[in-house]
Amino acid sequence: QVQLVESGGGLVQTGGSLRLSCAASGLTFSLRAMGWFRQAPGKEREFVAAINWSGGITYYADSVKGRFTISRDNAKNTVYLQMNSLKPDDTAVYYCAARSATSARTGANEYDYWGQGTQVTVSP
């Protein structure tokens with residue numbers, strides 16, 4: 001069965017960095033676009049970043065543009081989210097998601113598989 005397992009979350013101070021990883025199994029990773037979403041307490045799940053099958057096309061939410069970088073290693077079936085200059089507003093559970101298509105999208109309803117999430121907490 002399809003599994004997406006996130007790791008790399010934790011507690012960091014404002015201005016710090018974290019690198020999230022999402023290891024995929026049970027699917028043809030190299031043919032799927034991948035995305036990162038996040039959900040803060042009391043808020044809706046929101047788009048963070050997406051990457052197409054080859055890594056050649058990426059999209060970012062305005063709130064993270066210039067600070068976060070999504071990338072992928074198809075040989076390792078893994079997608080990454082490098083997060084720099086973190087702010088308290090970035091505190092959320094971060095989810096990895098996979099599409100049944102090669103093209104990247106920003107809508108959560110366009111993703112078919114989801115990981116269990118990893119907590120990121122940014123202290124003031």
Side-chain angles (χ1 to χ4, degrees):
Q1 72 276 22
V2 175
Q3 280 196 312
L4 302 176
V5 180
E6 301 98 334
S7 61
L11 173 65
V12 64
Q13 291 186 331
T14 295
S17 298
L18 284 174
R19 188 195 197 200
L20 305 184
S21 299
C22 171
S25 60
L27 49 73
T28 309
F29 181 79
S30 61
L31 295 181
R32 293 177 183 269
M34 301 294 294
W36 286 97
F37 293 77
R38 67 186 181 186
Q39 188 166 19
K43 295 188 177 181
E44 303 261 328
R45 187 170 297 192
E46 66 174 1
F47 168 74
V48 176
I51 189 166
N52 77 329
W53 68 278
S54 67
I57 297 174
T58 57
Y59 299 115
Y60 295 94
D62 287 343
S63 58
V64 307
K65 207 170 290 184
R67 300 188 298 122
F68 291 11
T69 302
I70 188 171
S71 62
R72 65 189 296 157
D73 185 337
N74 286 347
K76 295 182 178 179
N77 285 5
T78 302
V79 62
Y80 305 97
L81 186 68
Q82 177 67 44
M83 304 186 296
N84 299 328
S85 303
L86 283 161
K87 308 173 182 178
D89 283 349
D90 294 318
T91 295
V93 177
Y94 282 71
Y95 297 91
C96 166
R99 292 196 73 214
S100 294
T102 58
S103 55
R105 292 288 187 269
T106 62
N109 61 355
E110 304 213 56
Y111 288 79
D112 303 288
Y113 301 100
W114 293 82
Q116 82 289 348
T118 185
Q119 177 70 48
V120 171
T121 303
V122 185
S123 63

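Computed over heavy atoms, backbone and side chain alike; hydrogens, waters and symmetry mates excluded. On a predicted model such as this, the values are computed, not experimentally measured, just so you know.
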Applying salt bridge (Lys or Arg N to Asp or Glu O under 4.0 Å) as the test, list every pair that has at least one member in residues 47-62; sequence neighbours left out.
D62-K65
If you look only at pairs with a residue in residues 68-84, which of them pass as a salt bridge (Lys or Arg N to Asp or Glu O under 4.0 Å), with sequence neighbours excluded?
none
N/O donor-acceptor pair under 3.5 Å between [X] side chain and [Y] backbone:
| X | Y | value |
| --- | --- | --- |
| Q3 | S25 | no |
| T28 | S30 | no |
| E6 | Q116 | yes |
| N52 | I57 | yes |

State, with a plain yes or no, whether a side-chain heavy atom of [X] is found less than 4.5 Å away from one of [Y].
| X | Y | result |
| --- | --- | --- |
| V48 | L81 | yes |
| E110 | R99 | yes |
| Y94 | Q119 | no |
| V93 | T118 | no |
| V120 | L20 | yes |
| W36 | V79 | yes |
| S71 | Q82 | no |
| R67 | D90 | yes |

State plainly whether one hydrophobic cluster holds both [X] and [Y], where clusters connect Ile, Leu, Val, Met, Phe, Trp and Tyr through side-chain heavy atoms under 4.5 angstrom apart.
| X | Y | result |
| --- | --- | --- |
| V122 | Y60 | yes |
| Y80 | L86 | no |
| I51 | V64 | yes |

Heavy atoms only: give me the nearest [X]-[Y] pair and the separation to one decimal.
| X | Y | answer |
| --- | --- | --- |
| A98 | L27 | CB-CD2, 4.2 Å |
| V2 | G26 | CG2-O, 3.5 Å |
| Y111 | W114 | O-NE1, 3.7 Å |
| P124 | P88 | CA-CG, 4.1 Å |
| A33 | S103 | CB-O, 3.2 Å |

When rounded to the nearest 0.5 angstrom, what distance separates [atom1] in [X] from [atom2] in [Y]?
| X | Y | atom1 | atom2 | answer |
| --- | --- | --- | --- | --- |
| E46 | T106 | CD | OG1 | 12.0 Å |
| I70 | C96 | CD1 | SG | 8.0 Å |
| M34 | T78 | CE | OG1 | 9.0 Å |
| M83 | F68 | CE | CZ | 5.0 Å |

Would you tell me whether S17 and N84 have side-chain atoms, one donor and one acceptor, within less than 3.5 Å of each other?
yes
Would you tell me whether R32 and S100 have side-chain atoms, one donor and one acceptor, within less than 3.5 Å of each other?
yes
Lys/Arg cation over aromatic Y95: R38, 6.0 Å, 45° cone:
no
With ring centroids as reference points, do Y59 and F47 lie under 6.0 angstrom apart?
no
Under the ring-ring contact (aromatic ring centres under 6.0 Å, His included) rule, what do F29 and W53 come out as? Steps first, then yes or no, please.
CA-CA 8 Å; F29 181 79; W53 68 278; over 10 Å; no
